[in-house]
Amino acid sequence: MSEEKEVNALEESLDAYKTKVSQVNKATLTWDKELIFIGRTNRGYEVEYDAEQQWGCSPTETLLLSVAACMGIDMVSFLKKMKCEIKSYKMDIMGERNPTPPQYYTSMEMIISVTGMGLTEKKLERAISLSHEKYCSVYHTLRKDMKMKVDYTFENM
C-alpha cells in the first residue's frame, strides 16, 4: 500500500475515536485555603493546585502533562493502528518559560521511549507528525510561536 493510502486509511480509522470528543468541557475550581485550589472535572476527577507547590501542582505543570498525555494517547493509538504491539511508552517532557509575566511556555522538548513489536523509524515519525501537526488538541491550544522539539528512541522486542 502506498504511503498516501496508508495515511488516508489511518486517518479514516481515527474518525470514530476523535468524533467522541466532547465539544464542550466543564470544570469547577474551588479555593481551599491560602493559594491552594481544587479543580474538579465535570466527571469528578480532581487536581490540587498550589502556588507554592507544597500540597499540589502548579497550573503550568498540569499544562505540560496535558500536552504529553494528548500526544501519548494519539501516538499509542496511531501505532496500534499501524499494527505495532506496544509494550511500553514513556515520555519525558521539559518546558521552558518566559522569564517575566506572562510566563508562558516558549519551548517544549519531548523525549519519547517506546518498546514493542513492529516499530520502525517511519511509523514513529508518522505518529509524531500526525499528533503534532493535526490531532493533539492541547498542543494546538498553545501559542503558535512556541518551539517544539521531539526526539525518540525505540526498541523492537
Side-chain angles (χ1 to χ4, degrees), residues 7 10-11 14-15 17-82 84 86-116 119-155:
V7 170
L10 177 61
E11 289 185 351
L14 296 172
D15 284 344
Y17 159 67
K18 289 294 185 176
T19 56
K20 292 179 187 174
V21 173
S22 176
Q23 295 298 307
V24 176
N25 291 319
K26 295 180 183 181
T28 302
L29 183 74
T30 306
W31 176 61
D32 185 32
K33 60 185 174 235
E34 299 169 13
L35 291 178
I36 300 171
F37 295 81
I38 308 298
R40 178 187 281 267
T41 69
N42 196 41
R43 296 179 301 137
Y45 296 103
E46 290 187 349
V47 177
E48 291 185 6
Y49 294 98
D50 178 6
E52 295 183 15
Q53 299 178 28
Q54 293 178 5
W55 304 102
C57 56
S58 73
T60 51
E61 286 174 321
T62 55
L63 179 59
L64 198 63
L65 282 173
S66 292
V67 172
C70 187
M71 192 162 176
I73 289 167
D74 283 348
M75 285 190 64
V76 168
S77 174
F78 299 159
L79 290 169
K80 285 182 173 186
K81 299 277 186 201
M82 292 181 212
C84 296
I86 307 300
K87 297 290 184 189
S88 71
Y89 179 99
K90 177 185 166 197
M91 180 190 298
D92 292 314
I93 184 167
M94 187 215 39
E96 192 169 317
R97 295 173 60 194
N98 194 46
T100 58
Q103 291 171 298
Y104 54 86
Y105 282 109
T106 57
S107 67
M108 289 184 185
E109 183 174 344
M110 301 174 172
I111 301 172
I112 301 165
S113 300
V114 186
T115 59
L119 298 167
T120 65
E121 190 172 318
K122 184 177 177 180
K123 288 179 181 180
L124 281 160
E125 288 178 0
R126 188 65 191 149
I128 290 167
S129 174
L130 281 169
S131 180
H132 181 74
E133 294 172 13
K134 186 170 182 179
Y135 288 101
C136 182
S137 305
V138 180
Y139 171 74
H140 286 279
T141 302
L142 299 173
R143 294 175 60 104
K144 300 299 178 210
D145 62 348
M146 186 186 78
K147 296 177 186 122
M148 177 70 85
K149 180 181 177 190
V150 182
D151 288 320
Y152 63 88
T153 61
F154 69 95
E155 181 180 345

Rounded to the nearest 0.5 Å, what separation is found between the [atom1] atom of [X] and the [atom2] atom of [Y]?
X	Y	atom1	atom2	value
Glu133	Tyr135	CD	OH	11.5 Å
Arg40	Thr30	CZ	OG1	8.5 Å
Trp31	Phe37	CH2	CZ	8.0 Å
Lys134	His140	NZ	NE2	10.0 Å
Ser113	Tyr89	OG	OH	9.5 Å
Leu79	Leu119	CG	CG	6.5 Å

Would a 4.5 Å heavy-atom cut-off, applied to side chains only, mark [X] and [Y] as touching?
X	Y	result
Ile128	Met71	yes
Leu64	Met108	yes
Leu35	Tyr49	no
Val114	Lys90	no
Tyr139	Met146	yes
Met148	Ser107	no
Thr120	Met82	no
Met75	Leu124	yes

> Looking just at side-chain N and O atoms, do Thr106 and Arg97 make a donor-acceptor pair shorter than 3.5 Å?
Replying inline: no

Strictly distance-based, threshold 3.5 Å: is any side-chain N or O of [X] a donor or acceptor partner for the main-chain N or O of [Y]?
X	Y	answer
Gln103	Pro99	yes
Thr62	Pro59	yes
Asp32	Ile36	no
Asp50	Trp55	yes
Ser77	Ile73	no
Thr41	Tyr45	yes

>> As a quick check of understanding, evaluate side-chain contact (heavy atoms from CB on, under 4.5 Å) for Leu29 and Ile38, giving each step before the final call.
In response: CA-CA 6 Å; Leu29 183 74; Ile38 308 298; over 6 Å; no

> Among Asp92, Asp151, Val67, which residue meets the side chain to side chain contact (heavy atoms under 4.5 Å, CB included) test with Met110?
Replying inline: Val67

> Is Glu96 atom CD crowded by more than 12 heavy atoms from other residues, nucleotides or ligands, each under 6.0 Å away?
Replying inline: no

> Is it true that atom CD of Gln53 has more than 12 heavy atoms of other residues, nucleotides or ligands lying nearer than 6.0 Å?
Replying inline: yes

>> Before you tell me yes or no, could you show the steps for Phe154 and Lys123 under side-chain contact (heavy atoms from CB on, under 4.5 Å), namely the whole-Å CA-CA distance, both residues' side-chain angles and the distance that decides it to 0.1 Å?
In response: CA-CA 11 Å; Phe154 69 95; Lys123 288 179 181 180; over 6 Å; no

>> Tell me the closest heavy-atom pair linking Cys136 and Cys70, and the distance in Å.
In response: SG-SG, 3.1 Å

